[in-house]
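A short write-up of the structure that comes next.
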Amino acid sequence: MSTERGRIQITGFNPERVEEREQLSDWVGDTKGESASRYQRAWSRFKRNRTAMLGLVIVSTMVILAILARPISVYGTTVQPISLAPYDPAARLSLDPEVQAGTYDSPSWDHPMGTDNEARDLFSRILYGGRYSISIGFVVVSLTLTVGIVVGSIAGYYGGWVDEIIMRLLDVIFAFPGLVLALVLVAMLGGNYWTMVLAFSLFGWAGYARLLRGEILSVKEEEYVMAAKAMGARDRRVIFRHVVPNAIPPVIVQATLALGTVVIGVAALGFLGLGLAPGTAEWGTMLDAMQATLIQGPGGTIPWWATLYPGAAIFLFVMSINMIGDGINDAFDAQADVKVGDQGGQ
Amino acid sequence: MSLRRFAIKRLLLVIPTLIGVSIITFALVHLTPGDPVDFILDIDPEVTDADRAAVRAEHGLDQPVYIQYIDWLTGMLQGDFGTEFATGRDVGDIIATRLPPTIMLGLFGWVFAIVIAVPTGIYAAMNRQKLGDDISRFIALAGISIPNFWLGLMLILIFALWIDLWPAVYTGRGSVYSLDALWFLILPGVTVGTASSAIMMRIMRQSMAEEMNKDYVTTARAKGLPERTVVLKHVLRNSLISVVTVAAFLTAGILAGSVVVEVVFAWPGLGFELIEAVNTREYYVVMGITLFTGIAIIIANLAADLIYAVLDPRIRY
């Protein structure tokens with residue numbers, strides 16, 4: 001009677017639905033939509049950046065040319081049969097009776113970039129040479145980026161003594177110029193493809209770790225992180241689902257620019273005669289072989305093409321990479337100062 | 001935090017860093033395969049094992065690694081960097097003779113970087129989104145992207161061989177302090193300074209552009225100050241803070257760059273010596289120069305932090 005009268009009837013509430021949603025921490029619908037649209041917006045802004053798109057086109061072209069330069073075979077099976085380079089990059093053309101070529105032929109229709117000190121076709125060598133520098137660059141950046149993200153996330157998210165130890169370690173690494181460490185390491189281990197990768201990877205992650213740590217320290221204070229924690233999400237989930245995706249854009253920019261730095265570093269070691277074996281068609285190693293000719297050209301003339309083109313290839317690649325990096329930076333940065341009106345539209 | 005407390009705390013942090021740097025330097029050289037004794041003696045086929053053992057004992061290479069490390073470290077604390085295997089020269093002396101040329105090259109690069117970067121940065125920030133800004137930004141991007149050894153080679157090609165204004169490489173005749181050497185240093189200096197200059201110009205432009213949007217600039221303009229005064233007196237001073245810091249940090253870049261550039265121009269500095277030592281496995285020379293580089297950068301970073309703290313009190317968190 002009285003109890004019945006005072007009862008409040010609740011309609012439209014289905015307790016089963018609440019139970020279905022029990023794992024609130026897994027409920028990411030909104031977050032996902034937000035971050036996806038953030039990256040989508042950055043991409044659409046990037047597409048409108050003509051300099052960055054030009055860089056992207058040049059880099060892709062150079063990568064494709066390097067892949068297609070000579071056939072690739074894995075354990076005897078040819079996986080890539082196309083051969084764009086007119087000559088074998090290692091072939092001494094003066095030994096080939098069918099080709100009229102000698103040492104230091106200046107650029108001509110047959111040899112658009114001339115020939116080098118051993119009568120090898122420079123154009124073929126430069127097309128092919130991209131394989132070394134570019135692939136070392138990509139391998140090193142993926143390795144260092146992975147390690148850097150893990151270490152930086154741990155340092156930034158946990159703080160305290162873990163952070164303190166990692167930061168002291170980073171201080172030590174940053175006390176050396178990366179090139180000097182790589183140089184000593186490659187010289188001690190002997191120069192080949194994998195020691196170069198090791199030399200640039202061993203300490204290369206430090207930059208990402210420091211950058212990401214700083215970003216995470218600021219993202220960590222955001223309300224959505226607190227919300228995720230309040231809903232009982234585990235540390236790993238909070239870090240990799242909520243904090244890292246929001247802290248990562250500057251790291252992506254850094255990784256892009258690092259690709260250029262590694263390519264220059266690889267070429268510098270090649271130039272110093274410490275990198276790949278002499279005679280390898282790697283851009284820096286090719287310059288090393290040519291350096292002496294600048295001081296004393298063979299037969300009184302200076303084969304300028306042998307110095308100009310390999311270096312120009314490095315320059316063009318790195319410049320394009322940096323244009324992409326700047327473009328990504330602008331695309332994400334604009335996010336920071338979105339006008340109030342813009343957000344309403346989204 | 002007072003400036004003094006900040007400085008003391010920052011100075012104390014240098015100690016673990018120095019220890020770490022010495023460990024990494026030592027480990028790089030010692031934990032890698034390859035025996036310097038083999039390298040020194042292999043030229044002579046009549047070397048007996050006893051000779052090898054003697055050479056090892058002479059340089060302390062027969063000791064366990066951690067003893068070698070402690071010996072090396074205590075030696076260095078007393079100013080003893082070890083000796084060169086082949087000639088017996090003192091590594092400390094080698095560094096002392098090779099250091100001045102590197103400092104001169106670095107100074108040339110540094111001055112070139114600042115002289116180019118600061119005015120260009122100001123110009124670009126004041127003419128944002130105009131043609132001049134676009135051109136200077138493009139050149140800055142090119143300056144960052146160009147490999148310094150190739151830039152050096154191209155400068156030699158153009159200015160030493162085609163125009164014949166400079167000697168192509170340092171011939172070693174005359175003192176490093178002579179007028180000839182100073183004239184010669186212009187090309188290597190430009191080569192070393194280009195990348196730093198480009199980075200500094202970009203930072204200058206960025207920080208000036210940010211300062212320009214602040215309220216005090218509006219105030220200064222509103223009270224009728226000419227634009228020139230606003231920029232040079234107010235904006236420039238505030239944005240120079242970041243440039244000073246970056247200039248100190250760029251020391252690392254200039255040091256690393258000089259290794260390669262010294263080889264290009266055959267300039268007898270630390271980098272040139274390092275490459276020679278690395279090729280002949282002169283452990284103590286490699287360790288000495290690497291450690292020296294590390295310490296120089298630690299000091300530069302320390303200076304950068306302290307200057308920043310003096311200029312901008314907010315940083316002393």
Side-chain angles (χ1 to χ4, degrees), chain A residues 51 167-169 171-181 183-190 195 202-203 257 260-261 263-265 267-274 283-284 287-288 290-291 294-297 302 304 307-308 310-323 325-326, chain B residues 13-14 16-21 23-25 28-34 137-138 141-142 144-151 153-154 156-158 160-162 168-169 202 252-257 259-260 263-264 266 271 274-275 277-279 281 286-287 289-290 293-298 301:
Chain A
T51 325
M167 287 314 284
R168 292 291 79 76
L169 182 64
D171 276 351
V172 174
I173 294 176
F174 282 119
F176 295 104
L179 185 67
V180 170
L181 283 182
L183 187 154
V184 172
L185 205 62
V186 166
M188 291 294 150
L189 291 172
T195 53
L202 197 55
F203 300 106
L257 301 178
T261 316
V263 167
I264 288 191
L269 291 190
F271 170 74
L272 294 172
L274 296 168
W283 294 333
L287 280 175
D288 178 34
M290 287 307 121
Q291 199 202 354
L294 276 188
I295 300 151
Q296 200 153 35
I302 300 150
W304 50 266
T307 299
L308 176 68
I314 308 170
F315 182 31
L316 183 65
F317 183 81
V318 177
M319 178 98 183
S320 312
I321 284 286
N322 285 342
M323 285 171 4
D326 273 6
Chain B
L13 279 182
V14 167
T17 316
L18 279 176
I19 296 173
V21 163
I23 292 176
I24 289 195
T25 305
L28 265 187
V29 176
H30 280 263
L31 298 183
T32 47
R137 279 168 66 203
F138 186 79
L141 196 65
I144 293 174
S145 313
I146 200 163
N148 53 9
F149 49 95
W150 185 63
L151 176 64
L153 293 176
M154 294 315 285
I156 292 178
L157 188 66
I158 296 167
L161 300 174
W162 286 347
V169 292
R202 278 159 63 108
I254 287 183
L255 266 173
V259 174
V260 184
V263 173
V264 175
L274 176 66
I275 301 294
V278 132
N279 282 327
R281 310 232 156 207
V286 174
M287 287 195 294
I289 295 179
T290 313
T293 314
I295 293 175
I297 291 174
I298 291 177
N301 288 353

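Every chain is numbered from 1, with letters handed out A, B, ... down the list of sequences.
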Over all atoms of both residues, closest heavy-atom pair of A:Thr195 and A:Val186
O-CG2, 4.1 Å
Can you name the closest pair of heavy atoms from B:Val29 and B:Met287 and give their distance?
CG2-CG, 3.6 Å
I'd like to know which of [options] tops the heavy-atom pair count under 4.5 Å against chain B.
options	result
A:Gly178, A:Gly265, A:Ala267, A:Gly190	A:Ala267
A:Val263, A:Val172, A:Val318, A:Thr51	A:Val172
A:Leu181, A:Asp326, A:Ile314	A:Asp326
A:Leu272, A:Ile173, A:Val180, A:Thr261	A:Leu272

Are B:Phe149 and B:Val263 side-chain neighbours, meaning at least one heavy-atom pair lies under 4.5 Å?
no
Would a 4.5 Å heavy-atom cut-off, applied to side chains only, mark B:Met154 and B:Ile146 as touching?
no
The reported gap from CZ in A:Phe174 to CD1 in B:Ile297 (rounded to nearest 0.5 angstrom) is 11.5 Å
What's the separation between atom CG in A:Leu189 and atom CG in B:Leu28, rounded to the nearest 0.5 Å?
9.0 Å
Can you tell me which portion of [X] sits under 4.5 Å from chain B's heavy atoms? Options are side chain, backbone, both or neither.
X	answer
A:Phe317	neither
A:Leu179	side chain
A:Leu316	neither

Atom group of [X] that falls short of 4.5 Å from chain A, counting heavy atoms:
X	answer
B:Leu274	side chain
B:Leu141	both
B:Val21	both

Passes side-chain contact (heavy atoms from CB on, under 4.5 Å), B:Val264 versus B:Leu153? Steps please.
CA-CA 7 Å; B:Val264 175; B:Leu153 293 176; 4.0 Å; yes
Residue among [options] with most heavy-atom pairs under 4.5 Å to chain A:
options	value
B:Ile298, B:Ile24, B:Leu255	B:Ile24
B:Ile295, B:Thr290, B:Leu18	B:Thr290
B:Ala277, B:Ala256, B:Gly253, B:Pro16	B:Ala256

For A:Asp171 and B:Asn301, run side-chain contact (heavy atoms from CB on, under 4.5 Å): C-alpha distance rounded to whole Å, both residues' side-chain angles, the deciding distance at 0.1 Å, then the answer.
CA-CA 10 Å; A:Asp171 276 351; B:Asn301 288 353; over 6 Å; no
Donor-acceptor pair, B:Trp150 side chain versus A:Gly284 backbone, under 3.5 Å?
no
